[in-house]
Novice: 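Shown below is the structure under consideration.
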Number of protein chains: 2
Amino acid sequence: MATIKDVAKLAGVALSTASYALNGDSKVSAKTRAKVVEAARQLNYRKNGIAMDLKRSQTNTIALILTDMSGPYYSELIHSVQEVAISNGYDLIACSSMGGRDSTAVKFLREKRVDGAIVLASNINNEVLIEAAEQGFPIIVMDREINSDFLVSVLVDGEQGGYVATRYLIDHGHKRIAYISGPANSYDSQLRYQGYLRAMAEAGLEEQSKWRLNGNFVREGGYSATKMIIMQGELPSAIFYGNDEMAVGGVKAFQEQGISIPEQVSVIGFDDIQLSEYLSPSLTTIRQPMHEAGSLAAHLLFQRLSGADVNREYKLTIEMIERNSVRQL
Amino acid sequence: MATIKDVAKLAGVALSTASYALNGDSKVSAKTRAKVVEAARQLNYRKNGIAMDLKRSQTNTIALILTDMSGPYYSELIHSVQEVAISNGYDLIACSSMGGRDSTAVKFLREKRVDGAIVLASNINNEVLIEAAEQGFPIIVMDREINSDFLVSVLVDGEQGGYVATRYLIDHGHKRIAYISGPANSYDSQLRYQGYLRAMAEAGLEEQSKWRLNGNFVREGGYSATKMIIMQGELPSAIFYGNDEMAVGGVKAFQEQGISIPEQVSVIGFDDIQLSEYLSPSLTTIRQPMHEAGSLAAHLLFQRLSGADVNREYKLTIEMIERNSVRQL
DNA sequence: GTGAAAGCGCTAACAA
DNA sequence: TTGTTAGCGCTTTCAC
């Protein structure tokens, strides 16, 4: 591996001159520059980015931290963040937080291998975030409320989402409404559930405990929970799935039993994943404004990076996506 | 930002002792270690990973480079690579190659910000890869054949895939078969097309130029190409879409015109994206063994990293996924 | 068991 | 315009 030292030597100039030449500094003469560039070419010289970062004390890259880098659900988010990063002249990398404390994500956060981060990974606990964030190392958190300097939250109003979804069912004449939840410790799941409860209470409806099941936010969980409901004999008139993944599983369970949606049971989801539009019937759901959320998060990060002050918390509102899985009673 | 120097000073020990203590070296006494750890805690000391990487001349992380970090299609790949990375004690980051020469991906490759990379990004040209790869910096390429030291290819046999897909249609009695291609410069598209041609020729069938359209591998392209075919009046009996995304667009175009699949026209795709199973009718397609491919690529990378020799090229075979979009004539 | 010091490859202030 | 030099924060050899 040739270093800049080798290049300088071969070109017969000082180290600094080589550095200037290679970085396009205007104070080096065209002739010298040519010599240096030629030497670099000959040696197949490649700058060591790490050394540069160390010297500059900045990496010019930000990290997007996700539990699982690959969820289709993140697509929009990644795009919008990337767009903003590029337009600010920054690079973006994605890291996974799988593995918790020894995950890549935590390493990048703790060891400051990037200049800032956007986090959407519920398996990273508050403590890690609070410790990592500091002056000059802003973190934008997208999945929780958290109160600490150098940390800002960009949230989607899940309580409202849960309320709107449930309200939509009620307005369509449904009274016996089941809720399939995510993991018990999920902040998102709790909010949606609260919204559900609020709408139910407001309409004077009672939640039935046999119709509150856990599906862990995964397809398989939605499937099992739905099976359970079917086996109980009495079907609710509508089911609110805490996310679309579980709804997909639920739809499958109903199909297998020959129970038709929305004729025999109405279904509503949450997230508006890509699949939802293509299910049959297409899934009525709640869309989170992921593009806006990502864009906002990224903008805030760069504002913090440039020293500007921003609020502690931003809350975006959801959008109802009406399709064909809910029947008017 | 406290550095190790500050920690050493506060603990009243030498720099090196602090380093040893913090890294759990056995030669420092329990008492000294306690002092150091306490000082670090007080100062909220965080090791600077970049400095460490520079000193060690290695980062312990590998990069997975994708054109677009978010394609649902990559999900399996990412998982399998991550699994192998973790089991080798390495970290994984994903970078996008959007932006070509000034993309994050190229920067990470050229400036050796990682120890090695797996590349699946057709917008990065050979030259960049050849220049970047060298002794101690292995690159595994998943989307092309490329001949250079320090570069190894892991490929899925696209020609065979195209052949199998087309052959499947022919075996089901189809003779008038259209092919919707990806971008003209796409290596994958070309291979699939060649496989198509081989199967056609073998069966003594002629390709009709009016039924060879470009859909650029995107949904919208599949939609337009299909519209075009419909407008031409005479429908082929089957269409082979170069990938599932285009097939999804095509199915939509047919639905809009009230043309039913597979009764009036059969459809086959390529890739087996998540959606395919949920389309109605569910899409018959060709699955690429992405899990195996990712796993193999990662294993090879670590083998190269540890100095072992591996072959220049590995080729995996595809799998036929029979569903309901092709009719037996 | 602890400390002094060299140096990873680079940038940038300062001197010439 | 070019060269000399001091670090960035860390690990690690070597001497004590």
Side-chain angles (χ1 to χ4, degrees), chain A residues 1-40 43-61 107-108 110-115 134 136-137, chain B residues 1-40 43-61 107-108 110-115 134 136-137:
Chain A
M1 256 285 15
T3 73
I4 197 170
K5 212 167 153 185
D6 303 317
V7 174
K9 197 189 295 172
L10 181 60
V13 300
L15 199 60
S16 56
T17 305
S19 172
Y20 288 133
L22 260 10
N23 287 310
D25 190 304
S26 64
K27 59 168 156 269
V28 24
S29 73
K31 208 168 114 198
T32 312
R33 165 169 300 117
K35 264 197 315 199
V36 172
V37 168
E38 169 57 18
L43 295 169
N44 189 29
Y45 167 74
R46 226 44 54 68
K47 135 179 339 191
N48 181 322
I50 295 180
M52 185 184 92
D53 288 350
L54 176 60
K55 179 62 196 176
R56 287 231 177 106
S57 310
Q58 83 156 343
T59 63
N60 235 264
T61 108
K107 168 174 150 184
F108 272 68
R110 291 183 55 99
E111 302 184 354
K112 310 232 179 311
R113 292 182 138 77
V114 288
D115 294 346
E134 59 181 9
F137 192 84
Chain B
M1 258 279 21
T3 72
I4 198 171
K5 210 167 153 184
D6 304 316
V7 174
K9 198 188 296 174
L10 180 60
V13 300
L15 199 62
S16 54
T17 305
S19 173
Y20 286 134
L22 261 9
N23 288 309
D25 190 303
S26 65
K27 61 168 157 270
V28 24
S29 72
K31 208 169 116 199
T32 311
R33 164 169 300 115
K35 264 197 316 198
V36 172
V37 168
E38 170 56 19
L43 295 169
N44 189 28
Y45 166 74
R46 224 48 53 65
K47 148 188 318 204
N48 181 321
I50 295 180
M52 183 184 94
D53 288 350
L54 176 60
K55 181 62 196 174
R56 288 230 177 106
S57 306
Q58 84 154 306
T59 63
N60 235 263
T61 110
K107 168 173 150 185
F108 272 68
R110 292 183 54 101
E111 302 184 355
K112 311 236 178 312
R113 291 183 139 76
V114 288
D115 295 346
E134 58 180 11
F137 191 84

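As the structure is a computational prediction, the values presented were derived from the model and not from experiment. Chain naming here is simple, since letters A, B, ... match the order of the sequence lines and numbering starts at 1 in each. The analysis underlying the following values was restricted to heavy atoms, covering all of them including side chains, and did not include hydrogens, waters or symmetry mates.
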Novice: Quick one: closest heavy-atom pair of A/Phe108 and A/Phe137, and the distance?
Specialist: O-CZ, 4.5 Å

Novice: Report, as yes or no, whether the 6.0 Å neighbourhood of atom NZ on A/Lys9 holds more than 12 heavy atoms from other residues, nucleotides or ligands.
Specialist: no

Novice: What's the spacing between B/Asp115 CG and B/Arg56 CZ if we round to 0.5 Å?
Specialist: 11.5 Å

Novice: Quick one: is D/dT1 close enough that its OP1 or OP2 comes under 4.0 Å of any side-chain N or O from A/Thr32?
Specialist: no

Novice: Specify the separation, in whole Å, of atom CG of A/Asp25 and atom C1' of C/dC10.
Specialist: 15 Å

Novice: Base, backbone or nothing for each nucleotide of nucleotides 9-16 of chain D, written B, S, -, heavy atoms under 4.0 angstrom, 5' to 3'?
Specialist: BBBBB---

Novice: Can you tell me if A/Asn23 uses its side chain to pair, donor with acceptor, with the backbone of A/Asp25 under 3.5 Å?
Specialist: no

Novice: Nearest whole angstrom, please: distance from the P of C/dG9 to the CZ of B/Arg113.
Specialist: 15 Å

Novice: Could you check A/Tyr45 against A/Leu22 for side chain to side chain contact (heavy atoms under 4.5 Å, CB included), going step by step and ending with a plain yes or no?
Specialist: CA-CA 10 Å; A/Tyr45 167 74; A/Leu22 260 10; 3.8 Å; yes

Novice: Roughly how bent is the helix from C/dG1-D/dC16 to C/dA16-D/dT1 end to end, in steps of 10 degrees, with each end axis from five pairs?
Specialist: 40°

Novice: How many whole angstroms separate atom CG of A/Asp53 from atom P of C/dC8?
Specialist: 18 Å

Novice: Find the distance between NZ (A/Lys112) and NZ (A/Lys107) and round it off to the nearest 0.5 Å.
Specialist: 14.5 Å

Novice: Go through the steps to decide whether A/Thr59 and A/Asp53 satisfy the test side-chain hydrogen bond (donor to acceptor under 3.5 Å, both in side chains), and finish with yes or no.
Specialist: CA-CA 5 Å; A/Thr59 63; A/Asp53 288 350; 5.3 Å; no

Novice: Enter the distance from B/Met1:CE to A/Glu134:CD here, rounded to the nearest 0.5 Å.
Specialist: 5.0 Å

